[in-house]
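Have a look at the structure below, then the notes.
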Amino acid sequence: MYQEIELDKIDIHAEPPTEEPARQYYFMAKCRQIVQAERERLGRPLYACIQTFGCQMNARDSEKLIGILLAIGYEEAEEEGADFVIYNTCTVRDNANQRVYGRLGVLHGYKRRRPGMKIALCGCMMQEASVIEKIRRSYPFVDLVFGTHNLFQFAELFYTCLVSERMVVAIWQETDAVVEDLPSERKYAFKSGINIMFGCNNFCSYCIVPYVRGRERSREAEDILREIAALARDGVSEIMLLGQNVNSYGKNLRQPLSFAGLLEKVEEIEGIRRIRFMTSHPKDLSDDLIRVMKQSDKICRHLHLPLQSGSTKILTAMNRRYTKEQYLSLVDKIRREIPDISITTDIIVGFPGETPEDVSETIDVIQKAGFDNAFTFIYSKRTGTPAAAMAEQIPQEQVKAQFDRVLHTVQETAKQQAGRLLGRTEEVLVEEVNAHDESLMTGRLSCNTLVHFPGGKELLGQYVSVRLDECRGFYYMGKQVYGP
Ligand code: 5AD
Ligand code: SF4
């Protein structure tokens, strides 16, 4: 593992190794030398800042980038004071793209005042040719651009950027590489995300992910288990297995293994107390998975099961490959087997051709499924996806009224669900000091709901019993309970 590799012992005057990850460690050592020289010249540390847009996958990728930046000698800082700023971008909806362009204008201001500052862009947005063109044309002050498939090359690309005056652009169209054993720096000491697969093969007609994250590739189970065991030894007790569609894990492996099978192996790892995962596609959720979840004390009582729409007509146009009835009977089956589970979802409003009657179908599913929470999105047209070419795109003003109908139902349903656990004493993993009141600690229940209760910093990362005294919409207020 990387912890055992000492960068100072690498011969940086030799030819770079051709195999990975040795090649990246070689470039980390080279970058480190430059960074050290620069620190001495300036008489101060060099600072780096990473801003993450989008999903848990990106958050995990950012931890890998920070791991490398710390290894080469940077310290973390806020954006305006940083010598190196990197944006890890998202392109699932257009508003994420617009935020990046907006922020770039601000960054340009910092760069003018801070000569020598470097700016990098990476992530999903960079996999789109039109974005790269726009950056070259309108944002020539950006120093480095790379994509999702060659993120593992960051050290090498960063080295090229440090020794070059020109914009370095490195985008791969595809990859089947899964490079193991690079550094990463966790945001929390006690919990961590772990990639179990990359990419997506589903091609939902509205979604750009299969184009920017490429074909589905699963990591070998032994690599995943080894990483989790190392995290457990390092104090991590809660893990989140990450993939665009975890339920189809393992299909392309040398020795095929189902997601349920992987979970059973993860359960055996000593020191891991909570297991979460994201995201499940309803069409691939197996009875075996429900069985493994039901029998497990470690797998959390939470399932994120994106619905997208409750209208079978729209689901078909979305290429989701299930009907309204199939989704509802899946939810019924899960709730029958695991009664205390919390189910959350994603919903898109305003897909091409969606009528108010289709939205009523969505509302019907929300009420029947009794979601604990739902992320509701306005459909965003993504160039290159099949839905972008569909007739009957709906004007934004019309979508707004339908969106409000859905949001209202989601809030009502979530309110009914919340409070289910009122009065019970439940186990909470303490995550942070409450952002608004320092006398309170904030933790999470197995079902993912937040709980605030009086307590001190020494509880961080601990599991404590909390009596849930009051439910305030989406969270509980409680009191720590001692003894059996
Ligand atoms: N427009 C709006 N929402 C989208 N999502 C994915 N693509 C789009 C799009 N083009 C939503 C889906 C998905 C979540 C991560 O983002 O609901 O589950
Ligand atoms: Fe996009 Fe569908 Fe793949 Fe999810 S399953 S990433 S919505 S294509």
Side-chain angles (χ1 to χ4, degrees), residues 52-61 89-99 123-125 127-128 148 193 195-218 240 242-249 251 259 277-285 303-311 314-322 327 343-354 358-359 362 365-366 369 371 373-390 392-396 399-400 402-403 406-407 410:
T52 310
F53 299 79
C55 67
Q56 308 262 4
M57 287 278 198
N58 264 17
R60 180 68 186 138
D61 283 348
T89 63
C90 169
T91 188
V92 166
R93 286 170 291 275
D94 188 53
N95 50 10
N97 297 44
Q98 295 314 322
R99 269 174 60 212
C124 294
M125 210 175 136
Q127 293 296 139
E128 291 181 90
T148 55
N195 298 108
I196 64 165
M197 59 201 300
F198 302 95
C200 182
N201 283 355
N202 287 315
F203 291 95
C204 300
S205 63
Y206 51 82
C207 185
I208 202 159
V209 167
Y211 306 91
V212 296
R213 288 264 174 189
R215 293 294 59 70
E216 189 178 293
R217 301 157 324 268
S218 295
M240 164 89 87
L242 298 171
Q244 301 294 349
N245 177 12
V246 291
N247 295 333
S248 75
Y249 170 80
K251 289 193 179 138
F259 180 56
F277 53 85
M278 268 252 195
T279 288
S280 287
H281 194 305
K283 80 175 165 58
D284 296 318
L285 197 139
L303 191 63
H304 188 65
L305 194 63
L307 165 70
Q308 313 301 5
S309 168
S311 149
I314 296 295
L315 286 169
T316 309
M318 286 177 162
N319 192 30
R320 289 292 288 177
R321 289 172 273 177
Y322 53 84
Y327 186 93
I343 302 180
T344 56
T345 202
D346 291 342
I347 292 166
I348 298 175
V349 183
F351 185 84
E354 188 180 60
D358 292 315
V359 175
T362 301
V365 176
I366 299 169
F371 294 121
N373 201 356
F375 299 98
T376 311
F377 306 109
I378 289 183
Y379 166 74
S380 172
K381 183 172 164 180
R382 309 315 287 135
T383 310
T385 61
M390 287 179 188
E392 298 185 81
Q393 301 283 328
I394 305 178
Q396 292 283 316
V399 178
K400 182 75 178 70
Q402 301 305 320
F403 180 84
V406 172
L407 196 64
V410 164

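Just follow the structure's listing: the first ligand is 1, and inside any ligand the first atom is 1. Please read all numbers here as calculations on a predicted model, not as lab measurements.
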Taking all non-hydrogen atoms of both residues, which atom of Arg382 and which atom of Thr385 are closest, and how far apart?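 Nearest heavy atoms, Arg382 then Thr385: O-OG1, 2.6 Å.
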Under 2.8 Å from atom 3 (Fe) of ligand 2, the protein N, O or S atoms, given as residue and atom: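 Near atom 3 (Fe) of ligand 2, below 2.8 Å, one finds Cys200 SG.
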In the structure I gave you, are the side-chain heavy atoms of Tyr206 and Arg93 within less than 4.5 Å of one another anywhere?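 Tyr206 vs Arg93: side chains apart.
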Would you check if Asn245 and Lys283 make a side-chain contact, meaning some heavy-atom pair closer than 4.5 Å?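 Yes, at least one pair of side-chain atoms sits under 4.5 Å.
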Would you check whether Arg320 reaches within less than 4.0 Å of ligand 2, judged by its heavy atoms?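 So Arg320 counts as touching ligand 2.
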Which class fits the ring pair Tyr211 and Phe203: parallel under 30°, tilted 30 to 60°, perpendicular over 60°?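 Tyr211 and Phe203: perpendicular rings.
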List for me each residue that meets salt bridge (charged side-chain N to carboxylate O under 4.0 Å, His left out) alongside Arg60, sequence neighbours excluded, and say none if there are none.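 Listed in chain order: Glu63, Glu227.
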Tell me, which residues have any heavy atom less than 4.0 Å from some atom of ligand 1?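 Lining ligand 1 at under 4.0 Å, by heavy atoms, one finds Val92, Arg93, Tyr206, Gln308, Asp346, Ile348, Phe377, Ile378, Tyr379, Ser380, Arg382.
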Does the ring of Phe53 carry Arg99 above it, NZ/CZ under 6.0 angstrom from centre and within 45° of its axis?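 No.
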Which residue owns the protein heavy atom closest to atom 7 (S) of ligand 2, what's the atom, and how far is it?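 Going atom by atom, the protein heavy atom closest to atom 7 (S) of ligand 2 ends up being Tyr206 OH, 3.3 Å.
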Residues in side chain to side chain donor-acceptor pair (under 3.5 Å) contact with Arg217, at least two apart in sequence or another chain: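 None.
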Determine whether a donor-acceptor pair (N or O, by modelled atom type, separation under 3.5 Å) exists between the side chain of Arg321 and the backbone of Asn202.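 The answer is yes, because a donor-acceptor pair under 3.5 Å joins these two groups.
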Under a 3.5 Å threshold, yes or no: a donor from one side chain and an acceptor from the other, between Asn97 and Thr91?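 Indeed, the side chains of Asn97 and Thr91 share at least one donor-acceptor pair under 3.5 Å.
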Do the side-chain N and O atoms of Tyr379 and Glu354 include a donor-acceptor pair separated by under 3.5 angstrom?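 No pair is found: no donor N or O on one side chain lies under 3.5 Å from an acceptor on the other.
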